[in-house]
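What follows is one structure encoded as C-alpha cells, with my remarks underneath.
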Amino acid sequence: MDRQNSDDIMRFLDGMASSDDVLFGFLDEGNQSPEDFNLNGGSDIDDVADNNNCNSEENKVFWQEQEQLLQGTLYRTSSIETKIRQATKEALKQVKSKGLHCFCRRPVAGGCRSCLRGEISRHLRDVAGYDCVISKSKWRSSQDIPAGEHEYIEIVDRSGSKKGEMRVVIELSFRAEFEIAKGGEEYKRLISRLPEVYVGKTDRLRSLIKILCIAGKKCLRDNKMHMGPWRKHKYMQAKWLGTCDDRSNSLESAVSETTEPENWVPRAKPRVSMLNYDGLLGSLSTGMSRHAAVTVV
C-alpha cells in the first residue's frame with residue numbers, strides 16, 4: 001500500500017480535486033454521536049455465532065440496517081473534525097499543485113504513499129499548526145490474529161479543556177482497508193459509501209470498524225469464502241486503536257523505513273585481528289558442527 005506508482009498517486013489526487021464528498025464523505029456539524037447507535041453492545045464480533053438460516057427478507061433488512069448505521073456514524077461530526085478535515089484538503093491540494101517527490105532509498109517515480117503521508121503531516125504541523133505526528137502501530141501475533149504493523153497520521157487536539165485530549169486519526173486509504181475483491185453486491189455498495197480519506201475521532205473510527213467487520217463477516221459467509229485473520233475485528237482495531245510503537249513528527253522519519261540519509265554508508269562488518277585468531281580456533285574446535293567464517297587481517 002505504501003509503495004504505489006505515480007499513476008495510483010495521481011488518480012488519488014485527481015479524485016480529491018473532483019469530489020470532496022466522495023473523498024471525505026462527511027456531513028459537518030451534526031449533533032448525534034456514534035455512541036447513539038446500537039452496535040450490538042460491546043461483544044467481540046469475531047466470536048459471534050453464525051446464523052446460516054437467514055432468509056432473503058432478513059438479508060435485505062440486515063444490509064439496510066448496516067447502511068443506516070454507517071451513514072449515521074459518518075454523517076455526524078464535530079467542529080474540530082471539520083477544521084482538521086479542511087486543513088487536510090488544503091494539504092492535499094498543495095501536494096497536487098507542487099507535485100510529490102519520493103525520498104525513499106528506492107524512490108518511486110511520482111512519489112509513494114509513505115512520502116505522501118509525510119507531506120500531509122508536515123503541512124498539518126508546520127502550516128496549519130496542529131500537533132500532528134505519524135504513528136506506527138505494532139501488535140504481536142496471538143491465537144486469533146497474526147502480527148502486523150500499520151502507519152497513519154494522528155493529531156492530538158487539546159483545545160477542548162472540558163473534554164481533555166482528543167485524538168483525530170487521518171487514514172489516506174481508508175476505503176481500501178475494507179475492500180473485498182470478490183465481495184457481494186450488498187457489501188460493495190456499503191463500502192462505496194466510505195470516504196477514501198478518513199478524518200475523525202477514534203470513537204467514531206471504532207464504531208465504523210465494528211459496522212464494517214460485521215458486514216464483512218456476513219459477506220464472506222454468504223459467499224462461502226474463508227475469513228482471513230487479517231479481516232477480523234481484532235486485527236482491524238489493532239491498526240488504529242492499539243498501542244503505538246513509534247510516533248514521528250519529522251518528514252525524514254515519516255517516509256519508508258528503507259529510507260537512509262543521502263550520505264549513508266553501510267556499517268562495516270566486524271573483522272577479526274590476528275591477536276584473537278588462536279582464541280577463535282580454540283573456541284571453534286569445541287563446536288565443529290557449526291560453520292563459521294574467520295577474516296584474517
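Just so it is clear, the model here is predicted, and its values are computed rather than measured.
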Q. Is there a side chain to side chain contact (heavy atoms under 4.5 Å, CB included) between L208 and F178 once you walk through the steps?
A. CA-CA 11 Å; L208 288 174; F178 296 92; over 6 Å; no
For the pair Q66 and I211, evaluate side chain to side chain contact (heavy atoms under 4.5 Å, CB included) and give the outcome as yes or no after the intermediate values. CA-CA 7 Å; Q66 296 307 112; I211 294 168; 3.5 Å; yes
Going through the checks in order, is the side chain to side chain contact (heavy atoms under 4.5 Å, CB included) test met by L241 and V169? CA-CA 10 Å; L241 305 175; V169 171; 5.8 Å; no
* To do: Report the C-alpha separation of S159 and D157 in whole Å, then their side-chain angles, then the decisive distance to 0.1 Å, and conclude whether the side-chain hydrogen bond (donor to acceptor under 3.5 Å, both in side chains) test is met.
  => CA-CA 6 Å; S159 59; D157 178 73; 2.7 Å; yes
*asked:* Before you tell me yes or no, could you show the steps for R122 and E119 under salt bridge (Lys or Arg N to Asp or Glu O under 4.0 Å), namely the whole-Å CA-CA distance, both residues' side-chain angles and the distance that decides it to 0.1 Å?
replied: CA-CA 5 Å; R122 182 198 60 78; E119 284 291 343; 3.4 Å; yes
Open item on the list: Does C132 form a side chain to side chain contact (heavy atoms under 4.5 Å, CB included) with I153? I'd like the steps, not just the answer.
Closed with: CA-CA 7 Å; C132 183; I153 301 172; 3.4 Å; yes
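To the nearest 0.5 Å, atom CD of residue Q237 and atom OG of residue S137 are 12.0 Å apart. Interatomic distance, I84 CD1 to K201 NZ, rounded to the nearest 0.5 Å: 10.5 Å. The line from OG1 of T73 to CG of D203 is 10.0 Å long, rounded to the nearest 0.5 Å. Between the NZ atom of K234 and the OG atom of S142 there is a distance of 6.5 Å, given to the nearest 0.5 Å. Between atom CD1 of residue I170 and atom CD of residue E81 there is a gap of 11.0 Å, rounded to the nearest 0.5 Å. Rounded to the nearest 0.5 Å, atoms SG (C115) and NE2 (H101) are 10.5 Å apart.
A side-chain donor-acceptor contact under 3.5 Å links R85 to the backbone of V199. Using a distance-only test at 3.5 Å, with no hydrogens or angles considered, no donor-acceptor pair links the side chain of S121 to the main chain of R117. The main-chain N or O of Q64 is never found under 3.5 Å from a side-chain atom of E67 such that the two would form a donor-acceptor pair.
With sequence neighbours left out, the salt bridge (charged side-chain N to carboxylate O under 4.0 Å, His left out) criterion links K239 to E177. Remark: D131 pairs with R158 by the salt bridge (charged side-chain N to carboxylate O under 4.0 Å, His left out) rule, at least two apart or across chains.
There is no side-chain donor-acceptor pair under 3.5 Å between R175 and S192. Judged purely by distance below 3.5 Å, without hydrogens or angles, the side chains of E90 and T88 never pair a donor atom with an acceptor atom.
A heavy-atom distance below 4.5 Å is not found between the side chains of E154 and V168. Taking the side chain as every heavy atom from C-beta outward, N223 and Y187 never approach each other to under 4.5 Å. Between K210 and S207, every side-chain heavy-atom pair lies at or beyond the 4.5 Å cut-off. A 4.5 Å side-chain heavy-atom check between E186 and N59 finds at least one atom pair inside the cut-off. Between E171 and V197 the shortest side-chain heavy-atom distance does not fall below 4.5 Å. Side-chain atoms of L70 and L212, non-hydrogen and from C-beta on, do get closer than 4.5 Å to each other. L172 places a side-chain heavy atom less than 4.5 Å from the side chain of R113. Contact annotation: the side chain of L205 approaches that of F174 to within less than 4.5 Å [non-hydrogen atoms, C-beta and beyond].
Here the closest heavy-atom approach between residue H233 and residue I209 is recorded as CD2-CG2, 3.7 Å. Of all the heavy atoms in D144 and P229, the pair that sits closest is O-CB, 3.7 Å. The minimum heavy-atom distance between T77 and R204, with the atom names listed, is CA-NH2, 3.4 Å. Heavy atoms only, all atoms of each residue included: E179 and R231 are closest at O-NH1, 3.2 Å. Nearest heavy atom pair, residue Y235 against residue P146, reads CE1-O, 3.6 Å. Counting all heavy atoms, side chain and backbone alike, C102 lies closest to C112 at SG-SG, 3.8 Å.
The aromatic ring centres of Y198 and W240 sit 6.0 Å or more apart.
Using the six-membered ring where Trp is involved, Y152 and H150 have ring planes that are parallel, under 30° apart on the 30 and 60° scheme.
The hydrophobic cluster containing V156 does not contain V127, counting ILVMFWY residues as joined when their side-chain heavy atoms lie under 4.5 angstrom apart, directly or transitively.
No more than 12 heavy atoms of other residues, nucleotides or ligands shown are found within 6.0 angstrom of NZ on K60.
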